Enquirer: 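Structure incoming, see below.
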Amino acid sequence: MFVLPEYLERDHDRRLRNHLAKVAAGEQSTLVLVRGESCVGKTRTAFDAVCACLQDWQLVFPKTPRRLLALLDADTLVPRTVLWLNEAQNYLTGTDGEAAAAALHSRLETPGPVAIICTLWPEYHRNLTATPRSDKDTHPNARALLGQAKLIDVPASFTAQALADPGVSRDRSLVTAVRTSTRGRITQTLAAGPQLADHYEHATGPHGTYGKALITAAMDARRLGHTSPLPSALLRAAAPGYLTEEQRAAAPGTWFTEALRYARTKVKDVAAALEPVANPGGMGALPDVYRLADYLDHHARDTRHYAFPPGPLWTAIRDHAASVDDLHRCAVSARCRSRYRIAADLYRRGADAGDVAALRELAELREQAGDTQSAERLYGQAADAGDTQAMRTLAKLRERAGDTDGARQLYRRALSVFALQELTERRERSGDSLGAQRFAQQAADAGYTGPMARLTWIRERARSLRAPRLPEPVAEAFIVTNPLALEELAERREQAGDTHGAQQLYRGAVDAGHATALQGLARMREQAGDAEGAEHLRRFGLEADGSPAQPW
């Protein structure tokens, strides 16, 4: 059963309710026009206002302009009636539109109280009220009618203050909408999100199959760590992995163009699975890159949480990833899922592109595989690039081999680089950006790039956090990124009885590489009576962790 999400009152709601309260207290007929773009909440705004101010009035809702005319001709709008005209352009245009507008105008001149509630898009309001540029005036009655309206504009976005309403954290659908919306446009997500998921899940038409494959590739790439806009080359290379042999054989030469068109089709004129990316340095969109709709990103993390992507996706990420960071995050995802060969392949590509951490993690894989010689060589390369963790690990290996002097030198180097990095971070966080840059440059001049990379990360992180803060319960659920903290928070939510929140947090911990959080998910499945699901999680825990699942 569908349940309306909790309503978040804003400034325009208070203005509308003030108007309706005056109508209820008087004897006049009033036209109230609630104006706003598609899916911004016009109907819900009017509905809640009527329920709050005119709850004991009768409601009349004619389905067509002809029925509206019949209603007005019969003079059946008695006092204390709400005449509901949702999407008013349907009543004020067409064959009967002008007659309906004239009849409504006449009704406003007779005693009430009667409230005529209209909703309208701005573009329709503009067309109906524009001064004619020639002798041909197609909407004179509509223009005169709308000139009498009390106008209430519904903004497209929610402010940070509105999203701080305690009602957000009490409503799961609102929490999801806040997380998956950009620029506070949560009503659009609530309106179009489920339809967008349906557009993906039940792809139709001759090219729907290929569009779905493309969207699935984007969803998997995103949830596995490719957070940058997705290059079209990556999507083209990955999509065949989500198709059967028969589907690939039957694909027309234009399959990718048509699949992209399907993925870029706007649902309810609000959102598409793949959206263009604005050019940060000018006007227009960046060519050949796309952003996955946030709602589908969230949808994928629920529906495809345990799905391991096909080989072509990993190859596509390796060959076409937008950045070294994307490569690294995807490599970590593969490693956490015990796909070590895939992880090594991605680490190698990242290392070739200058990712020092990838060198060290590739060394760790070689060490785990028993290839000590290759591991030491890779640790040495990472150490030479200034990775202090690689220096310490290599020092331990030297120490075990009896090379005490070599180990001591490595420990000293690690300490020196660590000190420079610590000084860099302290200066940056105290506001001394120039001092931080100086220490980072000193390390770079000595051949250690780690402090400079860390400084860049801190500054990028600070920029990303300048966006309006989410309400604390939402921030608690979605901003925490440390997997141990996520698991601890999940346990608290579980103890508090928030089953859905706990499951989301446990899954977040698993996604971040903390496979033991699967124990919490399995425990919750058992408590819910899903023994089969719990057993599946135990097996997955064994594969992800590389060790037998412990009883709990």
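Numbering starts at 1 and runs along the sequence shown. Owing to the predicted nature of the structure, the values given are computational and were not obtained by experimental measurement.
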Enquirer: What residue among Gln148, Glu109, Arg107 forms side-chain hydrogen bond (donor to acceptor under 3.5 Å, both in side chains) with Ser29?
Expert: Arg107
Enquirer: I'd like to know if the side chain of His226 reaches the main chain of Ser228, judged simply by a donor and an acceptor atom lying under 3.5 Å from each other, with no hydrogens or angles considered.
Expert: yes
Enquirer: Has the side chain of Arg222 got a donor or acceptor atom that lies under 3.5 Å from a matching backbone atom of Ala218?
Expert: no
Enquirer: Quick one: is the NZ or CZ of Lys212 closer than 6.0 Å to the six-membered ring centre of Tyr242, and within 45° of its axis?
Expert: no
Enquirer: Compare all side-chain heavy atoms of Arg329 with those of Asp325 and state whether any distance is below 4.5 angstrom.
Expert: yes
Enquirer: Taking it one step at a time, do Gln58 and Val78 satisfy side chain to side chain contact (heavy atoms under 4.5 Å, CB included)?
Expert: CA-CA 9 Å; Gln58 69 171 339; Val78 299; 2.9 Å; yes
Enquirer: Donor-acceptor pair, Asp326 side chain versus Thr227 backbone, under 3.5 Å?
Expert: yes
Enquirer: So, does Arg223 use its side chain to make a donor-acceptor pair with the main chain of Ala300 at under 3.5 Å?
Expert: no
Enquirer: Contact between Leu31 and Cys118 at the side-chain level, heavy atoms closer than 4.5 Å - yes or no?
Expert: yes
Enquirer: For the pair His19 (side chain) and Leu151 (backbone), establish whether a donor and an acceptor sit closer than 3.5 Å, ignoring hydrogens and angles.
Expert: no
Enquirer: Using a 4.5 Å cut-off on heavy atoms from C-beta on, say whether the side chain of Gln89 contacts that of Glu87.
Expert: yes
Enquirer: Would you say that His125 contacts Leu33 through its side chain, given a criterion of any heavy-atom pair below 4.5 Å between the two side chains?
Expert: yes
Enquirer: Can you classify the ring geometry of Tyr210 versus Trp255 as parallel (below 30°), tilted (30 to 60°) or perpendicular (above 60°)?
Expert: tilted
Enquirer: Side-chain contact test, heavy atoms from C-beta onward, threshold under 4.5 Å: evaluate it for Leu83 versus Leu68 and give yes or no.
Expert: yes
Enquirer: Could you tell me whether a side-chain N or O of Asn279 sits under 3.5 Å from a main-chain N or O of Ala285, the two making a donor and an acceptor?
Expert: no
Enquirer: Could you pull out all residues at least two apart from His207 that satisfy side chain to side chain contact (heavy atoms under 4.5 Å, CB included)?
Expert: Pro252, Glu258
Enquirer: Below 4.0 angstrom, N of the basic side chain to O of the carboxylate: do Asp220 and Arg304 qualify?
Expert: yes
Enquirer: Quick one: are Ile117 and Leu20 in side-chain contact, heavy atoms under 4.5 Å?
Expert: yes
Enquirer: Are any non-hydrogen side-chain atoms of Leu92 and Leu104 less than 4.5 angstrom apart?
Expert: yes
Enquirer: Does the distance from a Lys or Arg side-chain N to an Asp or Glu carboxylate O, for Arg15 and Asp11, drop under 4.0 Å?
Expert: no
Enquirer: Do Glu27 and Arg80 meet the salt-bridge criterion of a basic N to acidic O distance under 4.0 Å?
Expert: no
Enquirer: Measure the shortest side-chain to side-chain distance between Arg291 and Leu230 over non-hydrogen atoms and say whether it is less than 4.5 angstrom.
Expert: no
